[in-house]
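In listed order, ligands and their atoms are each counted from 1. Hydrogens, waters and symmetry mates play no part in the numbers below; they use all other heavy atoms, side chains included.
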Amino acid sequence: MLVHLQGPWTPLLGRLTLQQIPYQNPILLGTFIFVAILGVIILVATTRYGKWGYVWREWLTTVDHKKIGIMYCLVGLVMLFRGFIDALMIRTQQAIAVGPKSPGFLGAVHGYLTPFHVGQIFTAHGLIMIVFAATPLLVGIMNIIVPLQIGARDMAYPYLNALGLWLTTAGAALVMLSLFIGNFAHGGWYGFVPYFELPYSPGVGVDYWLWAFQLSVLGTTLGSINLIATIVKMRAPGMTWMRMPIFTWASLSANLIALTSFPVLMVALALLGMDRYLGTHFYTAGMGGNLMLYNDLFWVWGHPEVYFLILPAFGMMSEIIPTFSEKTLFGYATMVIASFAIGGVSWGVWLHHFFTMAAAPSVNSFYSVSTMLVGIPTGVKVFNWIFTMYRGRVRYELPMMWALLALFLLLVGGMTGMMNAFASSDYMWHNGVFVVAHFHMMVLLIAASVFGAVEYWFPKVFGFKLEQKWGKWFFWFMVLGTGWVFVPMFILGIAGMTRRLDYIPYTQWAPYLHVMLVGMAFYVVAVGFFVAHLYVSLRDREKNRVGADAWGTTRNLEWMTHSPVPAYNFAFIPHVNARDEWAWRKEHGLAELHAGDYEDIHMPKNTGVPLFLGIFSMGLAFALVWRIWWLALLCLALIVALIIIRSFDRDTDTTIPAQEVDRVERAARDGVTENGPASDLLGDPVVATSSIRSESGGMGGKSSAAQPAWAPMDR
Ligand code: HEA
Ligand code: HEM
Ligand SMILES: [Cu+2]
């Protein structure tokens with residue numbers, strides 16, 4: 001039998017005892033066994049196929065923005081799955097635990113989860129979905145696409161880029177670890193004071209929440225510095241501000257929001273940490289602290305954060321809609337202005353998250369009006385997209401379908417957001433599921449844009465298109481799930497159902513809760529179709545190989561270079577002549593490939609330092625959660641030492657020789673080289689074709705210009 005470990009070693013492990021491992025909980029035990037088996041399979045497979053060297057060289061130590069972006073997306077996808085399982089558990093619990101006679105299992109009075117578990121689940125779901133699923137997916141896509149769109153060879157700070165990835169991953173891993181060692185916070189994703197203070201939440205849950213959050217904040221802030229610097233400083237010659245692709249604009253505005261708001265959250269969490277660890281009183285009413293300070297600081301980040309998420313999603317829609325309407329984007333300049341207007345106003349609306357906290361009516365009115373103002377620039381965007389489609393040759397391929405779903409969700413989420421913005425109506429349903437339904441429309445809009453963007457840019461990154469059949473099933477079941485889960489939620493919200501419930505006494509609400517469970521079944525089927533979509537796409541990838549311009553009607557620079565993109569992105573840095581440069585080149589007959597006298601290309605060199613900084617940061621966070629002071633000091637010392645050692649390292653770059661560039665270019669152009677085929681990102685031989693293999697047709701019908709144009713001016 002496992003017993004509480006007592007003895008001279010106990011102080012060495014801080015608060016950590018064997019009892020903290022929830023082996024009595026069958027759900028967690030099952031999850032642990034599943035994860036352990038999966039882990040062993042991956043380790044054995046990597047060893048069996050001798051891939052450790054490849055994984056280390058090509059991925060773990062990489063500073064290539066494309067690979068870092070892919071890894072960000074993988075982290076986001078894994079966490080999206082975890083967050084989905086959490087949602088499934090909440091919905092199942094609420095469908096069972098309704099009515100006074102509802103049954104109880106596994107030690108719960110109603111349903112199969114205790115209130116403590118339900119609390120942990122919605123807290124983890126909220127935090128994971130926002131900072132470890134949506135954020136990494138968006139940052140990942142920005143990482144891959146922005147340098148390509150501006151004609152750069154990498155990000156401004158490739159090393160910092162890898163560090164951002166590994167810090168975010170460390171935070172995500174910490175949340176996952178809390179499943180199996182200890183527990184997670186159960187007071188909601190945005191935290192409450194004084195409830196999250198030590199006397200009221202003495203366990204490790206809040207500490208896990210605090211440090212995981214803090215690691216992701218650090219990672220995202222570093223990422224935003226990098227993206228801003230890249231966009232400002234690394235644009236190809238000729239790319240003036242108003243020639244910048246719209247997704248790059250969206251990324252710039254989003255990251256300006258991130259850079260100015262994330263540090264506020266860092267401070268908010270640091271002060272809470274000081275309260276918990278050092279006994280200060282920033283947020284307690286006694287000793288001169290102020291409860292409202294936390295709410296203000298948190299939401300001064302929290303609201304701009306949602307626009308940090310939505311602006312890149314808008315950027316994705318703004319790329320997809322013109323391509324599949326075979327037209328240029330309507331109202332480019334107003335799109336840019338609207339992004340910055342949304343970003344600017346986002347600073348002055350945070351109080352709408354606590355209209356009910358008894359501020360003066362004049363204060364509530366101010367924030368009500370400022371919140372509503374956001375509808376104007378957002379509306380500008382909506383009309384611009386509609387006018388882009390108007391009289392265009394709209395092709396309903398998968399990326400476009402996702403973009404249109406996103407547009408629809410924006411209308412529903414936006415209008416219900418406006419309803420929240422009235423302080424008077426918010427008084428009725430604040431803390432209710434109407435608000436939850438509002439923001440799920442918005443976050444599912446982000447998910448829809450991300451899926452659209454993945455469909456859209458996948459061929460650029462991997463060299464082949466995703467298949468369409470299973471992808472469409474996946475799409476339609478997502479639509480079904482969204483309708484069946486969130487329409488009843490709006491109704492229950494108006495009926496007065498509050499959020500975060502583990503038990504619902506009103507039997508009258510049962511039908512709605514059961515309909516929502518059916519919606520979850522649609523989502524589960526959708527996940528199955530998603531897996532089939534990926535599997536079939538990978539299996540049939542040779543059939544779906546594409547040339548540079550995968551969709552035929554693309555418009556920006558990223559479509560000018562090969563698919564998959566070579567390590568150096570562009571053999572020659574392109575010279576930009578127009579907005580929609582690639583469309584311009586196609587129109588001017590400049591889409592022909594010219595081999596040239598390639599030169600050596602100077603690139604950043606791989607390094608394992610960011611990975612180890614991530615690992616030691618996670619160790620530090622874990623030690624702080626459990627108050628294992630020696631481990632905390634050790635990890636801190638290792639982090640400082642690594643930073644110092646790295647700062648003396650002068651050997652941080654490398655050169656791709658001209659012959660190698662020539663080989664890769666020729667392989668991509670002709671599919672043959674003297675030294676064998678070039679490699680793609682998956683490590684397989686690329687058999688690039690000299691003609692495009694897209695079914696969608698090129699500009700004006702049949703596929704035309706497909707290959708990169710290294711025009712003489714591109715030097
Ligand atoms: C990406 C995420 C995202 C986005 C984009 C938004 C966008 C908006 N949100 Fe939402 N919101 C959240 C995520 C998001 N929100 C989250 C996560 C919470 C809760 C957190 C928590 O408590 O856990 C929340 C909570 C929340 C509240 C607090 C409710 C409460 O706690 O009681 C309020 C109140 O005003 C609000 C309002 C709005 C408004 C007005 C918009 C606007 O930006 C919408 C603008 C869009 C449109 C209006 C549609 C398009 C426009 C037109 C077609 C033009 C014509 C229309 C008009 C001029 C009106 N949101
Ligand atoms: C498959 C899709 C999803 C489903 C079915 C789902 C379901 C739920 C449910 C049932 C809740 C609890 C509601 C309550 O308190 O009564 C919830 C809360 C929440 N969800 Fe989702 N969700 C989904 C996707 C997402 C995504 C993609 C995000 C963010 C990017 C997200 C962010 C949140 C947040 C922030 C909360 C609030 C947590 C809290 O109260 O502390 N969800 N979700
Ligand atoms: Cu808000």
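Near F122, with a cut-off below 4.0 Å to any heavy atom, the atoms of ligand 2 are 38 (C), 39 (C), 40 (O), 41 (O). Of all atoms in ligand 2, listed by their number and element, those nearer than 4.0 Å to a heavy atom of F84 are 1 (C). Residue-ligand proximity, A87 to ligand 2, at heavy-atom distances under 4.0 Å covers atoms 4 (C), 5 (C), 6 (C), 7 (C). Counting the atoms of ligand 1 from 1 in the order shown, those under 4.0 Å from a heavy atom of I310 are 1 (C), 5 (C). Using a 4.0 Å cut-off to heavy atoms of G188, the atoms of ligand 2 that qualify are 41 (O).
Distance from atom 10 (C) of ligand 2 to its nearest protein heavy atom, with residue and atom name: R91 NH1, 3.0 Å. The protein heavy atom nearest to atom 19 (C) of ligand 2 is H125 CD2, 3.2 Å. At the top of the distance list for atom 36 (C) of ligand 1, counting protein heavy atoms only, stands H438 NE2, 3.8 Å. Closest protein heavy atom to atom 20 (C) of ligand 1: W299 CH2, 3.7 Å. V436 CG1, 3.8 Å is the protein heavy atom nearest to atom 13 (C) of ligand 2. In terms of protein heavy-atom proximity, atom 50 (C) of ligand 1 is closest to V382 CG2, 3.9 Å. Atom 28 (C) of ligand 1 has H352 O, 3.4 Å as its closest protein atom, hydrogens excluded (heavy atom only). Looking only at heavy atoms of the protein, atom 6 (C) of ligand 1 is closest to M442 CG, 3.7 Å. Of the protein's non-hydrogen atoms, R500 N, 3.3 Å is the one closest to atom 14 (C) of ligand 2. In terms of protein heavy-atom proximity, atom 29 (C) of ligand 2 is closest to M129 CB, 3.2 Å.
Applying the side-chain hydrogen bond (donor to acceptor under 3.5 Å, both in side chains) test to H186 and every residue at least two apart in sequence or in another chain returns Y195. Partners of P377 according to the side chain to side chain contact (heavy atoms under 4.5 Å, CB included) rule, which considers only residues two or more places apart in sequence or in another chain, are A338, A341, I342. With sequence neighbours left out, D275 forms a side-chain hydrogen bond (donor to acceptor under 3.5 Å, both in side chains) with T280.
Using cut-offs of 30° and 60° on the angle between ring planes, the pair F184 and Y208 is tilted. Aromatic ring pairs are classed by plane angle as parallel below 30°, tilted from 30° to 60° and perpendicular above 60°; the pair H353 and H303 is tilted. Relative orientation of the Y283 and Y294 rings is perpendicular, given thresholds of 30° and 60° on the angle between their planes. Taking the six-membered ring where the residue is Trp, F451 and W402 present tilted rings, their angle falling between 30° and 60°.
Within the 4.0 Å heavy-atom cutoff, Y307 counts among the residues contacting ligand 1.
Less than 4.0 angstrom separates atom 57 (C) of ligand 1 from none of the non-hydrogen atoms of the protein.
Contacts between Y190 and ligand 2, counted as non-hydrogen atom pairs separated by less than 4.0 Å, are absent for every part of the residue.
Closest heavy-atom approach to atom 37 (C) of ligand 2 among the candidates R499, M497, M520: R499.
Each of F530, F529, Y535 was compared with F474 under the ring pair (Phe, Tyr, Trp, His ring centres under 6.0 Å) criterion, and only F530 meets it. A side-chain contact (heavy atoms from CB on, under 4.5 Å) with H533 holds for exactly one of W473, W470, F475; it is W470.
Distance alone, capped at 3.5 Å, is enough to place a donor-acceptor pair between the Q93 side chain and the D502 backbone. Side-chain atoms of K327 come within 3.5 Å of backbone atoms of F387 as a donor-acceptor pair (strictly under, hydrogens ignored). A distance-only check finds a donor-acceptor pair linking the side chain of H438 to the backbone of G413 [under 3.5 Å].
Remark: aromatic rings of W484 and Y512 are distant, center separation not under 6.0 Å. Not less than 6.0 angstrom separates the ring centroid of H352 from the ring centroid of Y367. Aromatic pair Y506/W509: centroids less than 6.0 angstrom apart. Two rings, from W189 and F298, have their centers less than 6.0 Å apart.
Take the Cu ion (ligand 3) and draw a sphere of radius 2.8 Å; the protein N/O/S atoms inside it number 3.
Counting just the N/O/S atoms of H440, the one with the shortest distance to atom 21 (Fe) of ligand 2 is named NE2.
The nearest N, O or S atom of H303 is not closer to atom 10 (Fe) of ligand 1 than 2.8 Å.
Considering backbone and side-chain N/O of W189, one or more are found under 3.5 Å from N/O of ligand 2. Ligand 1 has an N or O atom lying under 3.5 Å from an N or O atom of W189, backbone or side chain.
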